**Student:** 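Take a look at the following structure, please.
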Amino acid sequence: MLRLLGIGVRGLEPRASWPPSRHSTKLSYTPLARGIILHPMVISTSGSAAKHAQSRSGPTNSERPSRSATAALLAWFRASRRPLPWRTAWRDPYRVLVSEVMLQQTQVAAAVPYYLRWVERFPTLEALAAADEAEALALWSGLGYYGRARRLHAAARAVVASGSPGLPADLAGLRALPGIGPYTAGAVMALAHNQRAPAIDGNVIRVLSRVDALEEGGKAAGLRSVEAAWLRLAPRRAMRHYAEALMELGATVCSPTGPDCGRCPLKVVCLAGIRGNATAYPVPSKRPAVTAVAHACALVRGDDAVLLVRQTEAGLWQGMLEMPRAEVQAAEAPQDAAVRALLAVTGLRGDLIRAWPTVRHSVTRYRVTLHPFEFSLPDRWRASDALEAQWVRVSSLASAPLPAAQRRALVSAFGSAARGANAG
DNA sequence: AATCCGGGGAG
DNA sequence: CTCCCAGGATT
């Protein structure tokens with residue numbers, strides 16, 4: 001039946017037949033539309049009167065209803081958008097980049113305080129490039145995926161080193177910078193430069209997969225279909241608002257498990273919504289099994305300080321400060337792993353003082369349990385004996401580049417003095 | 001195409 | 001507790 005109505009058949013009507021200046025199709029997104037489309041009577045109107053019938057009954061994913069749906073989307077965004085600190089009248093490409101990188105794998109509420117602190121400390125690309133990586137990581141501490149901060153810092157340095165006055169204003173130039181992939185490059189082009197550049201994040205994949213009933217939305221092949229949908233629905237000029245509206249819609253209305261289709265501005269063109277099975281799209285990829293792993297770390301007190309090590313190896317927590325840590329091997333006691341970690345850094349076997357409560361956190365498909373053990377070291381030992389180790393004053397922990405799990409362990413031992421300045 | 005990078009929110 | 005979510009780099 002849906003095929004009879006032309007739904008989902010793209011290119012059914014030529015773009016030229018629907019001048020964008022005409023907006024007489026507002027009826028097509030009335031609340032009645034969904035009921036009308038499913039009524040058998042509509043089918044009987046196909047044929048020579050089909051065009052007329054569609055303009056009244058609405059739903060089709062060919063060009064004309066897209067225009068009105070886009071207009072509805074933009075109107076909805078004007079009325080419903082959340083006031084967020086990066087949503088200012090004029091968009092600085094650098095600030096767009098900062099906010100978009102922070103919003104990767106991170107929800108808005110978590111990113112806001114970090115964004116405010118970041119742009120206060122690093123108001124420009126030049127300010128960021130002039131800072132140490134450690135300071136950038138410290139401001140990111142607690143936000144997770146610290147590689148984002150390292151790459152953002154590296155991108156700032158790359159731009160400044162190139163002698164350019166600012167970020168590239170083209171997709172290819174942006175893509176060449178570390179940490180900027182297809183999504184972030186598109187977001188900068190659309191949000192800061194108002195260009196017709198698809199900015200397709202997880203929210204947009206979900207929204208447009210539902211609009212076109214695309215099952216493979218998240219896959220490489222499906223991504224091209226999502227991109228085509230993005231371009232098809234795009235307005236002529238208001239690219240900034242459009243790009244952001246799609247993401248906002250996914251974040252607030254077209255949610256993963258409980259979409260509020262009744263209030264959705266795209267409901268007249270959304271195939272999944274019309275069918276009433278929006279949550280069936282996109283088909284989620286099967287998630288890998290979770291593996292439980294255990295790590296142990298050594299907590300050593302100095303003079304109102306704690307022994308920390310900069311993680312130099314690629315992988316988990318690169319560049320961050322943490323207590324000496326080792327993965328607990330099979331059949332190994334966590335305490336022995338902590339001894340091993342301390343030995344690797346100091347060359348000494350500490351004396352065990354006590355165990356601190358374990359900390360649990362998740363790393364993609366791993367569920368990590370961190371076992372902190374407190375040790376004492378001989379008085380003659382100094383941190384300078386080990387290049388990677390350093391004493392960090394307790395009063396400095398708040399502004400130290402600590403990963404969240406390590407910070408939680410330190411908070412249990414040192415109290416709120418160890419709590420981060422960014423959040424919590 | 002699969003895997004790895006940390007967190008947090010919802011239920 | 002469990003389940004779910006998500007860009008970019010690397011291989």
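Just so it is clear: chains get the letters A, B, ... in the order the sequence lines come, proteins before strands, and each one is counted from 1. Remember, it's a predicted structure, so these values are computed and weren't measured experimentally.
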**Student:** The criterion is side-chain hydrogen bond (donor to acceptor under 3.5 Å, both in side chains); which residues satisfy it with W140(A), sequence neighbours excluded?
**Tutor:** none

**Student:** Measure OH/Y146(A) against P/dG7(B) and give the value in whole Å, please.
**Tutor:** 3 Å

**Student:** Side chains of T184(A) and Q104(A): do they bring a donor and an acceptor to under 3.5 Å?
**Tutor:** yes

**Student:** Nearest heavy atom decides the nucleotide; on that basis, is G147(A) or A109(A) closer to the 5' end of DNA chain B?
**Tutor:** G147(A)

**Student:** Under 3.5 Å, which donor-acceptor pairs link side chains of residues 252-266 of chain A to any protein atom two or more places apart or in another chain?
**Tutor:**
from	atom 1	to	atom 2	distance (Å)
T252(A)	OG1	E248(A)	O	2.8
S255(A)	OG	G258(A)	N	3.2
S255(A)	OG	G258(A)	O	3.1
D260(A)	OD2	R263(A)	NH1	3.2

**Student:** Report, as a single string ordered 5' to 3', how protein heavy atoms within less than 4.0 Å touch nucleotides 4-11 of chain C: B base, S sugar-phosphate only, - not at all.
**Tutor:** SSBBSS--

**Student:** What integer distance in Å separates H295(A):NE2 from dG6(B):C1'?
**Tutor:** 13 Å

**Student:** Can a side chain N or O of W317(A) be found less than 4.0 Å away from OP1 or OP2 on dG6(B)?
**Tutor:** yes

**Student:** Measuring only the C1' atom in each nucleotide, how far is dA9(C) from dG8(B)? A whole number of Å is fine.
**Tutor:** 23 Å

**Student:** For residues 129-158 of chain A, pull every pair meeting salt bridge (Lys or Arg N to Asp or Glu O under 4.0 Å), keeping only residues two or more places apart or in separate chains.
**Tutor:** R121(A)-E135(A)

**Student:** For atom P, what is the distance between dC4(C) and dC5(B), given to the nearest Å?
**Tutor:** 22 Å

**Student:** Kindly write out the residues that satisfy side-chain hydrogen bond (donor to acceptor under 3.5 Å, both in side chains) with W76(A), not counting sequence neighbours, or none if the list is empty.
**Tutor:** S80(A)

**Student:** Once you round it to whole Å, what is the distance between C1' of dC5(B) and CH2 of W140(A)?
**Tutor:** 13 Å

**Student:** Rounded to the Å, how far apart are H361(A) NE2 and dG9(B) P?
**Tutor:** 17 Å

**Student:** Check residues 292-304 of chain A and write down every donor-acceptor pair under 3.5 Å in which the side-chain atom is one partner and the other belongs to a residue at least two apart or another chain.
**Tutor:**
from	atom 1	to	atom 2	distance (Å)
H295(A)	ND1	R325(A)	NH1	2.8
R301(A)	NE	E374(A)	OE2	2.7
R301(A)	NH2	A413(A)	O	3.4

**Student:** When the C1' atoms of dA2(B) and dA6(C) are compared, how many Å lie between them, rounded to an integer?
**Tutor:** 16 Å

**Student:** Could you give the CD-to-P distance, from E322(A) to dG7(B), as a whole number of Å?
**Tutor:** 11 Å

**Student:** Taking atom CZ as the centre, does R87(A) end up with more than 12 heavy-atom neighbours from other residues, nucleotides or ligands that are less than 6.0 angstrom away?
**Tutor:** yes

**Student:** Say you pick atom C1' in dG9(B) and the same atom in dG8(C); how far apart are they, in whole Å?
**Tutor:** 23 Å

